[in-house]
Amino acid sequence: MTEVKPKCQTCENLNCLIRKNSMKEGMDVYLDQKVTISCKKSQNFIIEGSPVYGLFFVYKGKAKVAKTGINGREQIIRFVGNGEIIGHRGFGAQNFYQINAVTLENTVICNFSTKVLEEMMQHIPSLTYDFMLFYSDELNKSETKVKKFAQMTVREKVIDAILYINRKFGLVDGLLALQLSRKEIADFAGTTEEQVIRTLSALKKEKLLTSSGKKIGISDPEKLKSEIAVHNYFIDS
DNA sequence: GCATTAATTGGTC
DNA sequence: GACCAATTAATGC
C-alpha cells in the first residue's frame, strides 16, 4: 500500500461531485482527510449489513453494487465506473449498508468518512446542491427500474442490460468494454442465466449481436434500441 | 495437459 | 419462465 493519494484538485474524473467542488473555498481541509484504497479484482469492499463508514468514489476501475436475496440469488443494482459514487444510501440516518459492492477489476477507491462528508455538506453549499441533484436523479432511475422490471419481457430486459453496459462503458473493437458473466447479466436484468444465454444466441442468430468467445458485440444498435423504445430505453436507469 | 469454472442445451414442472 | 441435470467450451495452474 504505497499508493500515492490522488489529489482531488487535479483528478481527471471531472464528473465526480467532489472533484467538481474541489476548488471551492475551504475544501482543502476536508480533502486532506480522504483515504484512498487499492482493491484487487472481486474484492467485496462494502458488505451488506456492515456499519456505514462513509462514502466511496471510484478513482479508477469498475465495480458492481448488489443486494443478496434468499437462496444465493443476487440483484445487481448498478455498475459504476470512474468518478462514480458508491454507498450513498448509507449517508444520513442509516447506520448499516443495505448493499454489497464488489470490484470487477483492480480498482482504486477514494473514501470520505461520514463525519467529514457531513462537515463538507454543512460548509459548501454548491456541493450539497450537487448531491441533492444526484439523489434526485438516482431516485428517478430507481423508479424507472421498477417499471421496467414489471413490464419488460425477458428479451427486452436482456437488450436493455446490453445497451446499458454499452452506454456506460462503451465498446472496444466492437465488443462490450465491460466483460460480465452470463450470470451477472442475468442478475442485473432480473432473470436467470439460462434465459440470458438463450436470448443472446437468439439475438446472435438474428444478427443484432455478435460474439467472440464469451465477449459480446453489438452489430445493430438501432434495431436493438427500437425494440425497447416503447419502454423509454433512453432513461439511464 | 489436467482441473476447475463458465457457457450451453435439453428437459420438467 | 424458473430450476435442474448433463454436456461442452473456456480458462487457470
Side-chain angles (χ1 to χ4, degrees), chain A residues 38-48 58 60-81 98-109 141-221 223-233 235 237:
Chain A
S38 232
C39 292
K40 290 199 277 284
K41 185 180 176 176
S42 302
Q43 279 212 339
N44 190 185
F45 62 97
I46 298 179
I47 297 163
E48 203 167 340
V58 176
K60 192 174 193 317
K62 296 180 183 74
K64 63 176 175 184
V65 178
K67 272 177 181 286
T68 318
I70 16 173
N71 32 11
R73 256 183 87 88
E74 211 183 21
Q75 178 61 55
I76 296 178
I77 311 297
R78 61 197 195 112
F79 295 99
V80 290
Q98 308 295 313
I99 47 110
N100 270 303
V102 181
T103 54
L104 295 168
E105 56 188 55
N106 292 346
T107 300
V108 181
I109 292 162
K141 289 176 185 174
S142 172
E143 288 167 354
T144 305
K145 201 156 195 159
V146 171
K147 192 191 96 172
K148 274 187 189 168
F149 268 64
Q151 300 182 353
M152 278 188 166
T153 65
V154 165
R155 182 186 166 98
E156 288 167 340
K157 285 178 186 175
V158 173
I159 292 175
D160 186 64
I162 299 293
L163 289 176
Y164 167 88
I165 296 162
N166 178 40
R167 251 196 328 269
K168 197 143 194 175
F169 299 100
L171 303 172
V172 173
D173 300 331
L175 300 168
L176 289 176
L178 174 62
Q179 202 198 324
L180 298 169
S181 69
R182 308 286 134 118
K183 172 86 166 50
E184 284 171 318
I185 296 174
D187 289 342
F188 179 62
T191 180
T192 59
E193 186 179 4
E194 293 90 334
Q195 293 282 4
V196 169
I197 288 166
R198 290 186 166 112
T199 309
L200 287 178
S201 31
L203 291 170
K204 219 159 67 184
K205 204 171 281 178
E206 296 169 36
K207 307 251 182 276
L208 299 179
L209 292 181
T210 58
S211 73
S212 151
K214 43 202 318 194
K215 292 187 175 162
I216 300 165
I218 298 178
S219 39
D220 196 341
K223 212 160 183 179
L224 288 171
K225 283 179 194 171
S226 69
E227 271 206 43
I228 57 167
V230 65
H231 297 284
N232 298 337
Y233 81 91
I235 297 176
S237 56

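In this text the structure is predicted, and so the values were computed from the model without any measurement. Numbers restart at 1 for each chain; the letters A, B, ... are given by sequence-line order, proteins then strands.
Summarising the geometry, atom NZ belonging to A:Lys148 is positioned 9.0 Å from atom OH belonging to A:Tyr164; distances are rounded to the nearest 0.5 Å.
Taking atom CD1 on A:Ile197 and atom P on B:dT8, their separation rounds to 5 Å, with Å as the unit. Note: CD (A:Glu194) to C1' (B:dC13) measures 14 Å, nearest angstrom. The separation between A:Gln195 atom CD and B:dA7 atom C1' is 15 Å, rounded to whole Å.
Taken residue by residue, residues 206-215 of chain A places heavy atoms nearer than 4.0 Å to DNA chain B at A:Lys214. For the segment residues 180-190 of chain A, the set of residues with a heavy atom within less than 4.0 Å of an atom of DNA chain C is empty.
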Item to check | CA sep, side-chain torsions, deciding dist, call: A:Leu203, A:Ile162, side chain to side chain contact (heavy atoms under 4.5 Å, CB included) | outcome: CA-CA 11 Å; A:Leu203 291 170; A:Ile162 299 293; 5.8 Å; no
Checklist entry - Are A:Leu208 and A:Ile159 close enough, and set up right, to give a side chain to side chain contact (heavy atoms under 4.5 Å, CB included), and what steps lead you there? => result CA-CA 10 Å; A:Leu208 299 179; A:Ile159 292 175; 5.7 Å; no
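Of the two residues contacting DNA chain C, namely A:Thr192 and A:Gln179, the nearest-nucleotide position lying further toward the 5' end is that of A:Thr192.
Between A:Phe169 and A:Phe79, the ring planes are perpendicular. Angles over 60° get that label, and only those under 30° would be called parallel.
Across all strands, A:Arg155 comes closer than 4.0 Å to no nucleic acid atom at all (heavy-atom distances).
Nucleotides of DNA chain C that come within less than 4.0 Å of any heavy atom of chain A span, from the 5' end to the 3' end, C:dG1 to C:dT11.
A:Thr191 places no side-chain N or O within donor-acceptor distance of the main-chain N or O of A:Ala186, the cut-off being under 3.5 Å. Judged purely by atom type and a 3.5 angstrom limit, A:Lys223 has no side-chain atom pairing as donor or acceptor with the backbone of A:Lys207. When atom types are taken as modelled, the side chain of A:Gln195 and the backbone of A:Thr192 share no donor-acceptor pair closer than 3.5 angstrom. Remark: the backbone N or O of A:Gln98 is paired with a side-chain donor or acceptor of A:Lys67 at under 3.5 angstrom. Here the side chain of A:Thr199 pairs no donor or acceptor atom with the backbone of A:Arg155 at under 3.5 angstrom.
Applying the side chain to side chain donor-acceptor pair (under 3.5 Å) test to A:Asn100 and every residue at least two apart in sequence or in another chain returns A:Asn44, A:Glu48, A:Thr68.
Smallest separation of non-hydrogen atoms from A:Ala66 and A:Ile76: CB-CA, 3.9 Å.
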Contact list (N/O, under 3.5 angstrom) for nucleotides 3-5 of chain B vs protein:
none

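Applying the salt bridge (charged side-chain N to carboxylate O under 4.0 Å, His left out) test to pairs two or more places apart or on separate chains, those with a residue in residues 173-200 of chain A are A:Lys64-A:Glu184, A:Lys183-A:Asp187.
Inspection of the A:Ser211 and A:Lys204 side chains reveals an N or O donor paired with an N or O acceptor under 3.5 Å.
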